[in-house]
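Scroll down for the structure; my scribbles are underneath it.
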Amino acid sequence: EEAGTLRSGPDTMANSIAQADEAGFLAQGPALLTDEDVPSRDSGARELQVGLLRDAAWRRSLHAPTWTLFGIAVGMALAISLRMQQPPSAATLAMATSEAEMVSKAHGDKTVCSSPGQNCLESKCCTDGGDKGYQCYEKMNGYGECFPEGSCKPGVHKGEKHGVWNASGVFVLDSWSCKEVGKKSKRGCSSYSHEGCPTDRCEVVAGAKCMVKCGTMISTDACQDHAHCMMDGNTCKSACWTIPADTCEAVDRCMLHSGNCTTACHAHASEDRCPHKDACMWQDGRCVKDPCSAPGEDCSKTHCCSAARFAGGMACFQKNSEYATCLETFDSDAHADWTGKQLGNRTKFDKGCSWAGEDCSGTQLCCNEGFACAVKDTHFTGCVHAMEVSVWYKKPIPLPAGWNGKRLGGWRAEYQMAPALEGNQAGTSLYCFMAVLPNSPEIDLLNVAREHKTSIFACDEHSVFHSQKAEISQEFGTLANTAVFLKVFDDMKQEGKYMKHDWTIKVDADCVFFPPRLRTHIQALKPARDTPLYLKNSDPSYLGAGTHGFLGAIEIFSKRAIQIYFDNSDGCAKFLGQNSGEDGFFKGCMDALGAGFMTDSNIFVPNHDPAICNQGQYVAYHPMKFPSHWQRCLDLANGCTTCGGPLDPPVSTVR
């Protein structure tokens, strides 16, 4: 009113509204704002479309009181003052060429010219590119885009979606004036042959193709979008693959690998960008050159295999004087033309955690259950007892006095493995062994199994070891046979048969075991190959929760689990103790070393009555401590219900 707008009368007001309507500021229906009405702009501006009611009721409002007209006028003025252009569509943005982020060297003030798809009215220039160069063309006041020279045609362009409602209620699409703004940019580098490549802003890459100079890129994204460029600190430079091999190592950011110039390991800033294929590994927070070789690489010069690059458990074996590679074992039949000479030591599997009291600043994980990786002070971060853990409860333990207390990690615990996908499942080759006490009843049971070629004698390969008499644990009241079996496992390691097979199975002499059934059970479980895991073999409800479903009558481990155990067995023996049953020890050791488990409660059920052997769902039956009981169980399991004579001793006398 102060501006005099409303005092000019209804006719003048109607004309103003009509003009605003033609300009696209009146929408049919009530005034509603949606996300589509207020689109985001790269520049941060937004377009505000204000709708005012234009029906007969609104027309009658021309004769309404002054305050009504005042509100309408203010609304229109606000809409006009806030109007901005529609942002470019995703399709338009996708038109940007490989040179879209170049700095326009034609501007002494270092003006950054616009790329195709961006509003070019402010910069008034376009980046170099295309076969003819780009020209900034105006769409309407406030907005324009860069198109190839001569390609902008006045009018509505195909795919246009933005527009306005006119006074007749018709949605009118925006049209382009195609007025030229500023000067045309130069042709893109890729449009030149390598002979005519302009050296001021382009360069010939790999001696054949004219491409934009990497040094003209001012943003990391633009640099990384060009395959022939790479970031070196804050500067975009030529990628290493474009540099000749004979000058490669003279460039700090590059290195020679397998005869090709590639990016040096130290130039990769994050673990996910540290390429194993280029003999790089992530260590102590940075990407470094791996001094050892990965499987398939030539290790004739390194004489070692890389645990960081999937060669754990392998050694370097020679083919001839010019080539060697990393293998788990050397098979002279499979490599008949190889020398087979081992170069260097076998690479151990890293346990990936720290034992109680050890420094854990690198692993940030403790092997022992109930121990946490915590900061003591600026000089030491270690695994400290933080939780008393039992089958029935967990009780926090205060950290020692004087510790900072910041926790970096917890402890390893048992975890269940999921079935593997088809094509990634473990095989079913079995290596089985038995430890028997000389001059004991176990020898008679062993002889029954050998006579019928069953139990360990039906596996793909087997061994029999002599054990020693175990003592009764004064602390637990159970057989403390861990130390005995540690010696047996050492003998098994030295023999080395386990390395040829997918699974290692320790079987007690009083366990009637059927290897063909185990193969079927393993196939049903679908365990992953090359994975450390063990099988829980029984329902814990039979002997109590303290067994965790893992009993020592038959212990089943994957080859990878056994390999990791052998590489770290000393730590288990030292930090887990040996004054207990070997089944509890080996389960605790496997959990501490990161092996997972799968459960098959039908491996066996503890029952000394041979009648249980009629139930064919089990892989094994235990304990059958007498030869006649062992034989009767075998007969029943094989379907013979009338075989054999009386049991000696009778089942009723066995406890």
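Remember, predicted model here, so these are calculated numbers, not experimental data. Residue indices begin at 1 and follow the sequence shown.
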Side chains of residues 606-614: which donor-acceptor pairs under 3.5 Å do they make with residues two or more places apart or in other chains?
{"from": "N607", "atom 1": "OD1", "to": "D609", "atom 2": "N", "distance (Å)": "2.9"}
{"from": "D609", "atom 1": "OD1", "to": "A611", "atom 2": "N", "distance (Å)": "3.0"}

Using distance only, find each side-chain donor-acceptor pair of residues 412-419 under 3.5 Å and give its atom names and separation, not counting sequence neighbours.
{"from": "R412", "atom 1": "NH1", "to": "K351", "atom 2": "O", "distance (Å)": "3.1"}
{"from": "R412", "atom 1": "NH1", "to": "A592", "atom 2": "O", "distance (Å)": "2.7"}
{"from": "R412", "atom 1": "NH2", "to": "K351", "atom 2": "O", "distance (Å)": "2.9"}
{"from": "E414", "atom 1": "OE1", "to": "K536", "atom 2": "NZ", "distance (Å)": "3.0"}
{"from": "E414", "atom 1": "OE1", "to": "K587", "atom 2": "NZ", "distance (Å)": "2.7"}
{"from": "E414", "atom 1": "OE2", "to": "K536", "atom 2": "NZ", "distance (Å)": "3.2"}
{"from": "Y415", "atom 1": "OH", "to": "G594", "atom 2": "O", "distance (Å)": "2.6"}
{"from": "Y415", "atom 1": "OH", "to": "G596", "atom 2": "N", "distance (Å)": "3.3"}

Check the pair C280, C265 against disulfide bond (SG atoms under 2.5 Å apart), reporting the backbone distance first and the verdict last. CA-CA 6 Å; C280 300; C265 298; 2.0 Å; yes
Do the side chain of [X] and the main chain of [Y] share a donor and acceptor less than 3.5 angstrom apart?
X    : Y    : result
K497 : H462 : yes
N447 : I443 : yes
S440 : V436 : no
E442 : L437 : yes
Y621 : Q615 : yes
S628 : D648 : yes

Give a yes or no on whether a salt bridge exists between R560 and E328, defined as a side-chain N under 4.0 angstrom from a carboxylate O.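 A salt bridge is present here (some side-chain N lies under 4.0 Å from a carboxylate O).
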Check this for me, if you would: do R346 and D567 make a salt bridge, where the nitrogen-to-carboxylate-oxygen distance has to be below 4.0 angstrom?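 Looking at D567 together with R346, the answer is yes, because their closest N to O distance falls below 4.0 Å.
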Report the residues that fulfil ring-ring contact (aromatic ring centres under 6.0 Å, His included) with F626, sequence neighbours left out, ordered by chain and then residue number.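 With neighbours one apart ignored, the set is H629.
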Set of ring-ring contact (aromatic ring centres under 6.0 Å, His included) partners for F349, sequence neighbours left out: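 Result, ring-ring contact (aromatic ring centres under 6.0 Å, His included) vs F349: none returned.
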Tell me if the CD atom of Q617 is crowded by more than 12 foreign heavy atoms within 6.0 Å.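 Counting neighbours around CD of Q617, more than 12 heavy atoms of other residues, nucleotides or ligands fall under 6.0 Å, so yes.
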Side chain to side chain contact (heavy atoms under 4.5 Å, CB included), that's the test. Do T454 and W630 meet it? Break it down for me. CA-CA 11 Å; T454 189; W630 212 105; 3.7 Å; yes
Compute the ring centroids of F550 and Y534, then answer whether they are less than 6.0 Å apart.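 For F550 and Y534, the ring centres are under 6.0 Å apart.
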Please confirm whether the ring centroid of F604 lies under 6.0 Å from the ring centroid of Y618.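 When the ring centroids of F604 and Y618 are compared, they turn out to be at least 6.0 Å apart.
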Between D502 and S429, do the side chains contain a donor N or O and an acceptor N or O under 3.5 Å apart?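 Note: S429 and D502 side chains miss the donor-acceptor criterion.
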Let me check something: any side-chain donor-acceptor pairs from residues 377-388 under 3.5 Å, sequence neighbours excluded? List them with distances.
{"from": "D377", "atom 1": "OD1", "to": "H379", "atom 2": "N", "distance (Å)": "2.8"}
{"from": "D377", "atom 1": "OD1", "to": "F380", "atom 2": "N", "distance (Å)": "3.0"}
{"from": "H385", "atom 1": "NE2", "to": "M387", "atom 2": "O", "distance (Å)": "3.2"}
{"from": "E388", "atom 1": "OE2", "to": "Y393", "atom 2": "OH", "distance (Å)": "2.7"}

With a cut-off of 3.5 Å and sequence neighbours excluded, list every side-chain donor-acceptor pair involving residues 353-368.
{"from": "S354", "atom 1": "OG", "to": "D359", "atom 2": "O", "distance (Å)": "3.0"}
{"from": "S354", "atom 1": "OG", "to": "T363", "atom 2": "OG1", "distance (Å)": "2.8"}
{"from": "E358", "atom 1": "OE1", "to": "W355", "atom 2": "N", "distance (Å)": "2.8"}
{"from": "D359", "atom 1": "OD1", "to": "S361", "atom 2": "N", "distance (Å)": "2.8"}
{"from": "D359", "atom 1": "OD1", "to": "S361", "atom 2": "OG", "distance (Å)": "2.6"}
{"from": "T363", "atom 1": "OG1", "to": "L365", "atom 2": "N", "distance (Å)": "3.4"}
{"from": "T363", "atom 1": "OG1", "to": "L365", "atom 2": "O", "distance (Å)": "3.1"}
{"from": "N368", "atom 1": "OD1", "to": "A356", "atom 2": "N", "distance (Å)": "2.9"}
{"from": "N368", "atom 1": "ND2", "to": "F575", "atom 2": "O", "distance (Å)": "3.4"}

Show every donor-acceptor pair shorter than 3.5 Å between a side-chain atom in residues 287-314 and any protein atom, with sequence neighbours excluded, or say none if there are none.
{"from": "D290", "atom 1": "OD1", "to": "C292", "atom 2": "N", "distance (Å)": "2.9"}
{"from": "D290", "atom 1": "OD2", "to": "S306", "atom 2": "OG", "distance (Å)": "2.4"}
{"from": "D290", "atom 1": "OD2", "to": "R309", "atom 2": "NE", "distance (Å)": "3.0"}
{"from": "S293", "atom 1": "OG", "to": "D298", "atom 2": "O", "distance (Å)": "3.3"}
{"from": "S293", "atom 1": "OG", "to": "T302", "atom 2": "OG1", "distance (Å)": "2.8"}
{"from": "E297", "atom 1": "OE1", "to": "A294", "atom 2": "N", "distance (Å)": "3.0"}
{"from": "E297", "atom 1": "OE1", "to": "R309", "atom 2": "NH2", "distance (Å)": "2.9"}
{"from": "E297", "atom 1": "OE2", "to": "R309", "atom 2": "NH1", "distance (Å)": "2.8"}
{"from": "D298", "atom 1": "OD1", "to": "S300", "atom 2": "N", "distance (Å)": "2.9"}
{"from": "D298", "atom 1": "OD1", "to": "S300", "atom 2": "OG", "distance (Å)": "2.8"}
{"from": "D298", "atom 1": "OD1", "to": "A324", "atom 2": "N", "distance (Å)": "3.2"}
{"from": "D298", "atom 1": "OD2", "to": "S300", "atom 2": "OG", "distance (Å)": "3.1"}
{"from": "T302", "atom 1": "OG1", "to": "C304", "atom 2": "O", "distance (Å)": "3.3"}
{"from": "H303", "atom 1": "NE2", "to": "S300", "atom 2": "O", "distance (Å)": "2.9"}
{"from": "S306", "atom 1": "OG", "to": "A308", "atom 2": "N", "distance (Å)": "3.3"}
{"from": "S306", "atom 1": "OG", "to": "R309", "atom 2": "N", "distance (Å)": "3.0"}
{"from": "R309", "atom 1": "NH1", "to": "H276", "atom 2": "O", "distance (Å)": "2.8"}
{"from": "R309", "atom 1": "NH2", "to": "C292", "atom 2": "O", "distance (Å)": "3.1"}

Disulfide (SG to SG under 2.5 Å) partners of residues 481-523, not counting sequence neighbours, each pair once: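 Every pair satisfying disulfide (SG to SG under 2.5 Å) with a residue in residues 481-523: there are none.
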What pairs with E495 under side-chain hydrogen bond (donor to acceptor under 3.5 Å, both in side chains), at least two apart in sequence or on another chain?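 With sequence neighbours excluded, E495 shows a side-chain hydrogen bond (donor to acceptor under 3.5 Å, both in side chains) to Y431, S463, given in chain and number order.
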Under 4.5 Å between any side-chain heavy atoms of I522 and R519, yes or no?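 They are not in contact (no side-chain heavy atoms under 4.5 Å apart), so the answer is no.
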Within-4.5 Å side-chain heavy-atom neighbours: N537 and D600: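 No, every pair of side-chain atoms sits at 4.5 Å or beyond.
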With under 30° as parallel and over 60° as perpendicular, where do the rings of F465 and F433 fit, or are they tilted in between?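 Rings of F465 and F433: perpendicular, over 60°.
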Between E461 and K500, is the side chain to side chain contact (heavy atoms under 4.5 Å, CB included) condition met? List the steps. CA-CA 9 Å; E461 201 165 6; K500 303 176 186 177; 4.0 Å; yes
Partners of K506 by salt bridge (charged side-chain N to carboxylate O under 4.0 Å, His left out), sequence neighbours excluded?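 Result, salt bridge (charged side-chain N to carboxylate O under 4.0 Å, His left out) vs K506: D508, E555, E582.
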According to salt bridge (charged side-chain N to carboxylate O under 4.0 Å, His left out), does anything in residues 621-642 pair up with another residue at least two apart or in another chain? List the pairs.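 Checked against salt bridge (charged side-chain N to carboxylate O under 4.0 Å, His left out) - neighbours excluded - the pairs reaching residues 621-642 are D510-K625.
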Please list, one pair per line, the donor and acceptor atoms closer than 3.5 Å that link side chains of residues 483-490 to other protein atoms, with sequence neighbours excluded.
{"from": "K487", "atom 1": "NZ", "to": "D491", "atom 2": "OD1", "distance (Å)": "2.9"}
{"from": "K487", "atom 1": "NZ", "to": "D491", "atom 2": "OD2", "distance (Å)": "3.1"}

